[in-house]
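Data block below; observations after.
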Amino acid sequence: MQPFESLGLRHDGRALWVLDQTQLPDAEVWLEGSEPAAMIALIQRLAVRGAPLIGVAAAASLATFAHRGASATEYSAACAALRAARPTAVNLMWAMDRMKGAADPVAEAEAIFAEDVRLCEGMAEHGAALIQDGEGLLTHCNTGGLATAGIGTALGVIRRAHEQGKRIHVYADETRPLLQGGRLTAWELRKLGIPSTLITDSMAALLLRDGKVQRVLVGSDRVAANGDFANKVGTYGLAVQARHHGVPFHPVAPFSTVDLACPDGAAIPIELRDAAEVRGYGPWRWAPEGMPAWNPSFDVTPVDLVTSLVLDRGVFTAAQLRAGALLAR
Ligand SMILES: CSC[C@H]1O[C@H](OP(=O)(O)O)[C@H](O)[C@@H]1O
């Protein structure tokens, strides 16, 4: 395989490596994900995460497996197992369905990687045009280079606006329970030198009330045909708060996150994760041992709360989405 590299994924021509996102921001540890079974475990514990990246990483692992001589039966089984690693981000199924029928798995995985890089550029250009000089921006979870093969989705838009010289200030939700915002988005924003402030998820409404935020930009794990979308839990509440305060709200996604087989948000499967992730984090636990906890990893935001969806191929208003714009593309 030709070597390739993104912020959180790299192939040295022999083996596939992932930056273990559970150890950021304090340690940058690269783990091998060449074997599909290893990659599945890395995806399921969010060492590798982010809708676009898990599709790209799964494809690269499967291609490496094929390149190392896997039989057709082994390849097919690994493809199915990778496809089922997490249920919500449709990018994983999109990538595995492309790999399943690939005549040349290595070339297909390289094409999937290159396509994600290109789609990130498209989102960045279309989305940055929405951002005005001087705006306060609010984002949720992590949607940057760590979540894609390119510069990111929502955070890629923010990065491009910054690179264009727009004087923005970013407020990053820490994003309970796994703290992708506090750990990963904060790490990326500091590396990029973008003026930013970390907040707890519960503080977002105050910023919106006090006029500190002029625009909300979030990622997506699956966009239904009518424009409803799933994203990290807490997104729906943010959309309600933004609408209450009259603040524009934009999901940002590559078209590989659009699932036209999903008619609306009710059809999007939502991953339920271990209750222990709510009771504490890593070595710490603050809730009573065994305390029942509910841990949906995503929620669904209805298209009616969307100002416009930023795709790699353009910006679509809620009215356009409800009218079937995604189906026409
Ligand atoms: C580039 S959008 C990434 C999307 O995926 C995240 O979920 P997770 O951290 O569980 O993989 C979150 O929903 C982001 O918006």
Side-chain angles (χ1 to χ4, degrees), residues 1-12 16-19 21 24 28 30 33 39 43 46-61 63 89-92 94-95 98-99 107-131 137 139-164 170 172 180-181 184-185 187-194 217-223 229 231-232 250-258 309-315:
M1 287 187 68
Q2 291 300 318
F4 59 72
E5 185 167 0
S6 69
L7 187 58
L9 184 75
R10 66 183 183 210
H11 202 291
D12 61 16
L16 178 67
W17 303 89
V18 304
L19 180 59
Q21 297 191 30
L24 289 174
E28 296 182 23
W30 289 84
M39 181 56 74
I43 290 171
L46 278 75
V48 182
R49 48 143 302 278
L53 186 72
I54 61 179
V56 172
S61 181
V90 73
N91 310 65
L92 183 56
W94 167 81
R98 284 184 54 169
M99 293 296 291
E108 194 67 28
E110 290 167 349
I112 288 169
F113 181 94
E115 182 169 345
D116 191 62
V117 172
R118 180 173 55 78
L119 298 182
C120 285
E121 289 302 314
M123 287 179 276
E125 289 306 314
H126 289 300
L130 297 171
I131 295 173
L137 307 174
T139 193
H140 190 68
C141 199
N142 173 257
T143 60
L146 286 173
T148 68
I151 63 168
T153 61
L155 194 54
V157 166
I158 291 169
R159 171 180 174 172
R160 187 55 39 84
H162 175 71
E163 290 168 346
Q164 291 171 349
V170 181
Q180 289 93 326
L184 309 177
T185 298
W187 183 76
E188 288 200 61
L189 286 166
R190 303 276 287 174
K191 280 170 70 77
L192 293 167
I194 298 176
L217 297 128
V218 298
S220 180
D221 293 80
R222 192 178 307 212
V223 182
F229 74 99
N231 194 51
K232 185 53 54 195
H250 308 282
V252 182
F255 204 80
S256 52
T257 303
V258 173
L309 167 65
V310 177
L311 290 174
D312 48 277
R313 55 189 67 181
V315 179

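- In this structure, Ser61 contributes its side chain and Gly33 its backbone to a donor-acceptor pair below 3.5 Å.
- The shortest side-chain heavy-atom distance between Thr148 and Leu53 does not fall under the 4.5 Å cut-off.
- Taking the side chain as every heavy atom from C-beta outward, Ile131 and Arg160 never approach each other to under 4.5 Å.
- Heavy atoms only, all atoms of each residue included: Val223 and Ala253 are closest at CG2-CB, 4.4 Å.
- Side-chain N/O atoms of Asn142 and Arg49 include a donor and acceptor closer than 3.5 Å.
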Can Thr185 and Thr139 be said to form a side chain to side chain contact (heavy atoms under 4.5 Å, CB included), step by step? CA-CA 9 Å; Thr185 298; Thr139 193; 4.3 Å; yes

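- In terms of modelled atom types and a separation under 3.5 Å, the side chain of Gln21 and the main chain of Leu146 share a donor-acceptor contact.
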Please determine whether side chain to side chain contact (heavy atoms under 4.5 Å, CB included) holds for the pair Arg98 and Ile112, giving the CA-CA distance in whole Å, both sets of side-chain angles, and the decisive distance to 0.1 Å. CA-CA 9 Å; Arg98 284 184 54 169; Ile112 288 169; 3.6 Å; yes

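- Considering only heavy atoms from C-beta on, Pro3 stays 4.5 Å or farther from His11 through its side chain.
- Using a 3.5 Å distance cut-off with no hydrogens or angles, the side chains of Ser220 and Asn231 do not pair a donor with an acceptor.
- Side-chain contact between His250 and Leu130: present, with at least one pair of heavy atoms (C-beta onward) separated by less than 4.5 Å.
- Leu119 contributes atom CG, which lies 9.5 Å from atom CG of Leu311 (distance to the nearest 0.5 angstrom).
- Within the cation-pi definition used here (under 6.0 Å to the ring centroid, within 45° of the axis), Arg313 qualifies as a partner of Phe255.
- Distance check: Leu184 CG to Cys141 SG gives 7.5 Å after rounding to the nearest 0.5 Å.
- Ion pairing between a basic and an acidic side chain is recognised when a charged N comes within 4.0 Å of a carboxylate O; Arg159 and Glu188 show no such pairing.
- The only member of Leu155, Val170, Val157 that meets side-chain contact (heavy atoms from CB on, under 4.5 Å) when paired with Leu217 is Val157.
- The structure places CD1 of Ile54 at 5.0 Å from CG of Leu92, a figure rounded to the nearest 0.5 Å.
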Quick one, Glu163 with Leu192, criterion side chain to side chain contact (heavy atoms under 4.5 Å, CB included). Give me CA distance, side-chain angles, the key distance, then yes/no. CA-CA 10 Å; Glu163 290 168 346; Leu192 293 167; 5.6 Å; no

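- Among all heavy-atom pairs drawn from Ala124 and Gly156, the shortest one is CB-O, 3.8 Å.
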Evaluate side chain to side chain contact (heavy atoms under 4.5 Å, CB included) for Trp187 paired with Glu28, printing each intermediate quantity in order. CA-CA 11 Å; Trp187 183 76; Glu28 296 182 23; 3.3 Å; yes

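- Residues Leu24 and Leu19 are in side-chain contact: their nearest non-hydrogen atoms beyond the backbone lie under 4.5 Å apart.
- Looking only at side-chain heavy atoms (C-beta outward), Met39 and Leu16 come within less than 4.5 Å of each other.
- Side-chain N or O atoms of Glu110 include one that pairs as donor or acceptor with a backbone N or O of Gln2 at under 3.5 Å.
- The structure places CZ of Phe113 at 13.5 Å from CZ of Arg118, a figure rounded to the nearest 0.5 Å.
- Contact of the Pro254 side chain with the Thr153 side chain is registered, since non-hydrogen atoms from C-beta on lie closer than 4.5 Å.
- Ala60 and Phe4 make their closest contact through CB-CZ, 3.6 Å (heavy atoms, listed as atom of the first residue, atom of the second, distance).
- Trp17 has its side chain within reach of Asp12: a pair of non-hydrogen atoms, C-beta onward, lies under 4.5 Å apart.
- Nearest heavy atoms, Gly55 versus Ala95: O-CB, 3.4 Å.
- The heavy-atom pair separating Ala154 from Gly219 by the smallest distance is CB-N, 4.1 Å.
- The nearest pair of heavy atoms linking Val48 to Ala57 is CG1-CB, 3.9 Å.
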